[in-house]
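Notes to accompany the following structure.
Each chain gets a letter, A, B and so on, in the order the sequences are listed, and its residues count up from 1.
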There are 2 protein chains.
Amino acid sequence: MGIQERKEREKEHRREEILNAAQKVFFEKGLQASTMDEIAEAAELSKGTLYLYFKSKEDLYLAVMTRGMELLQDLFDKAISEADSPLDQIRKVGQAYRTFFNEHRNFFRMFNFFQHPQFHKQVSEDMMAICQSRNQEIWDKVIGIIKRGIDQGFLRNDLDPAECAIMLWSNSYGLMVRMDTQLEYFRENFGVDLEKLIDKSNELLLQSMMTEGVREKMALSNTLNNEQRS
Amino acid sequence: MGIQERKEREKEHRREEILNAAQKVFFEKGLQASTMDEIAEAAELSKGTLYLYFKSKEDLYLAVMTRGMELLQDLFDKAISEADSPLDQIRKVGQAYRTFFNEHRNFFRMFNFFQHPQFHKQVSEDMMAICQSRNQEIWDKVIGIIKRGIDQGFLRNDLDPAECAIMLWSNSYGLMVRMDTQLEYFRENFGVDLEKLIDKSNELLLQSMMTEGVREKMALSNTLNNEQRS
DNA sequence: TAAGTAAATGACTCGTGGTCAGTAGATACG
DNA sequence: CGTATCTACTGACCACGAGTCATTTACTTA
């Protein structure tokens, strides 16, 4: 009998609907200012029902966040599959991260919020484990492409892939946080375009990771490109 | 008559006592989990009194945070005055930031929390302005030493001081956030020592900002140092 | 000593996260 | 078809914490 299966589907569907409502409310107001009543209202359910599907407001928040992690993973996969060399993969994944930041700012902020140790205490272990494993998947993916870059001679073989991945990621991340809250401030006070700066500093780091030969070839083709343009 | 003055002093003193109590509680539990009753208890005052001195829990939180900003400024001033060249100043200020992170982690987390746009809405404009201006002071200081580094020929003169400052700062910051929540994770899963990585990646960036001549001189003296050691 | 003033109090309100006894509607059974 | 069971759902309710304000206390001044 398919009744069991149908019920499972319906339950999953209901869960998704709650997530949709929660996402909408959280995106508008953030964790603190959103209320469970409001989310229940948006989901056209009673508050009690929310607690049948999620252990707490924080857990619900993280469940929404995992959607963002999936999204980021998809963007990365797409970037990796579209690139033609390990170096190109690294650049395109970096670009994908910046796209994610620009077009899914609310998810970026959720990731950011998730970093706070104090927040972790309010979250169930189950949900924490889910986030951990998704996180691990993303890091493995990023480290993987760096490793290929080293193995195929594009990046210096005295470097550690994980270290490189963390450096590049954190470098972008640090600037994005700045951008998110102080983009105007830096433009007005110091005439700095943070958007371009992310590109620049990421490229700076990447180049210092390249092997001598690759860097020279890069420089040469850049020169050619510039000459063609002018 | 000095009564007026004495009252002012007493009021200031009371304010400091409240800040002491708040700092203790906030450090232990974070913003969310700390209650105003608890802080009042720690300050040996009633809750109502707290609201005579601070507009809201969030304002009180930020008032504690400004102490951290003062502390960071002092560390920077000390680092700048103790260094003997602009390049040394940049390195020592970077080191001071890392010291701040390690020894005043709770303040670092407060700064971090402050970054959230959602949090800003819950704060009074007065307090926001105070934080802004302190922030500006710190950035001016950091940009100032980079500018001296460029003017005196240590750093490439095609670079913008503000851009360099932001790059270096954000680079450290990004890694510190990672360190704060995932130090063990990265050590266990990828064998990466984030502490050392901050040094490494900061030095990497700094070197790519140096003029050719200075970099070569640096490389030479490093070689000599290494030879002396072995 | 009494009036006046500033500081401090704590009982109160109101909003919100989370609970749980009860309801309704579907399903299984006689 | 009627009844028992089960399951998702409900919303009144509780606990607790931020913020308020009428009242009290302590000090100053005349």
Next item on the list: Nearest whole angstrom, please: distance from the P of D:dC27 to the NZ of B:Lys11.
Entry: 17 Å
Margin query: Quick check for you: among C:dA8, D:dT10, C:dG18, whose closest atom lies nearest to any side-chain atom of A:Leu52?
Written below: D:dT10
Next item on the list: For A:Phe54 and C:dG17, give me the distance from atom CZ to atom P, rounded to whole Å.
Entry: 16 Å
Checklist line | Euclidean distance, atom CE of residue B:Met36 to atom P of D:dT20 [Å, nearest integer] | finding: 10 Å
Margin query: Using whole Å, what does the distance between atom P of nucleotide C:dA6 and atom CZ of B:Arg14 come to?
Written below: 17 Å
Next item on the list: Give a yes/no answer on whether the side chain of A:Lys57 brings an N or O atom under 4.0 Å of OP1 or OP2 in C:dT16.
Entry: no
Notebook entry, point to check: A:Phe107 ring centre to A:Arg105 NZ or CZ under 6.0 Å, with the angle to the axis within 45°?
Noted result: no
Notebook entry, point to check: Are B:Arg178 and A:Tyr173 in a cation-pi contact, defined as NZ or CZ under 6.0 Å from the six-membered ring centre and within 45° of the axis?
Noted result: yes
Checklist line | Interatomic distance where NE2 belongs to B:His13 and P belongs to C:dA7 [whole Å] | finding: 16 Å
Check: Are the charged groups of A:Lys92 and A:Glu82 less than 4.0 angstrom apart, N to O?
Finding: no
Checklist line | Check against salt bridge (Lys or Arg N to Asp or Glu O under 4.0 Å), B:Arg98 and B:Glu195 | finding: CA-CA 9 Å; B:Arg98 294 192 283 279; B:Glu195 176 94 47; over 6 Å; no
Check: Closest to the B:Asp37 side chain: D:dG17, D:dA8, C:dG18?
Finding: D:dG17
Next item on the list: Say whether, by atom type as modelled, one donor and one acceptor occur between the side chain of B:Asn189 and the main chain of B:Tyr185 under 3.5 angstrom.
Entry: yes
Check: Roughly how many Å is it from CZ in A:Arg15 to C1' in D:dA8, rounded to a whole number?
Finding: 16 Å
Check: With a 4.0 Å cut-off, would you call A:Glu163 and B:Lys196 a salt bridge?
Finding: no
Check: Quick one: B:Glu10 CD to D:dA26 P, roughly how many Å, whole number?
Finding: 14 Å
Notebook entry, point to check: Considering residues at least two apart in sequence or located in another chain, which fulfil the salt bridge (charged side-chain N to carboxylate O under 4.0 Å, His left out) criterion with B:Lys57?
Noted result: none
Next item on the list: Name the orientation class of the two ring planes belonging to A:Trp169 and A:Trp139 (parallel below 30°, tilted from 30 to 60°, perpendicular beyond 60°).
Entry: tilted
Check: Among C:dT16, D:dC9, D:dG17, which nucleotide sits nearest the side chain of A:Thr35?
Finding: C:dT16
Item checked: Members of residues 39-51 of chain A that approach DNA chain D, where some heavy atom sits under 4.0 Å away -> A:Leu45, A:Ser46, A:Gly48, A:Thr49
Provide a list of protein-nucleic acid N or O atom pairs under 3.5 angstrom, restricted to nucleotides 22-24 of chain C.
none

Check: Is the A:Phe113-A:Phe26 ring centre distance short of 6.0 angstrom?
Finding: no
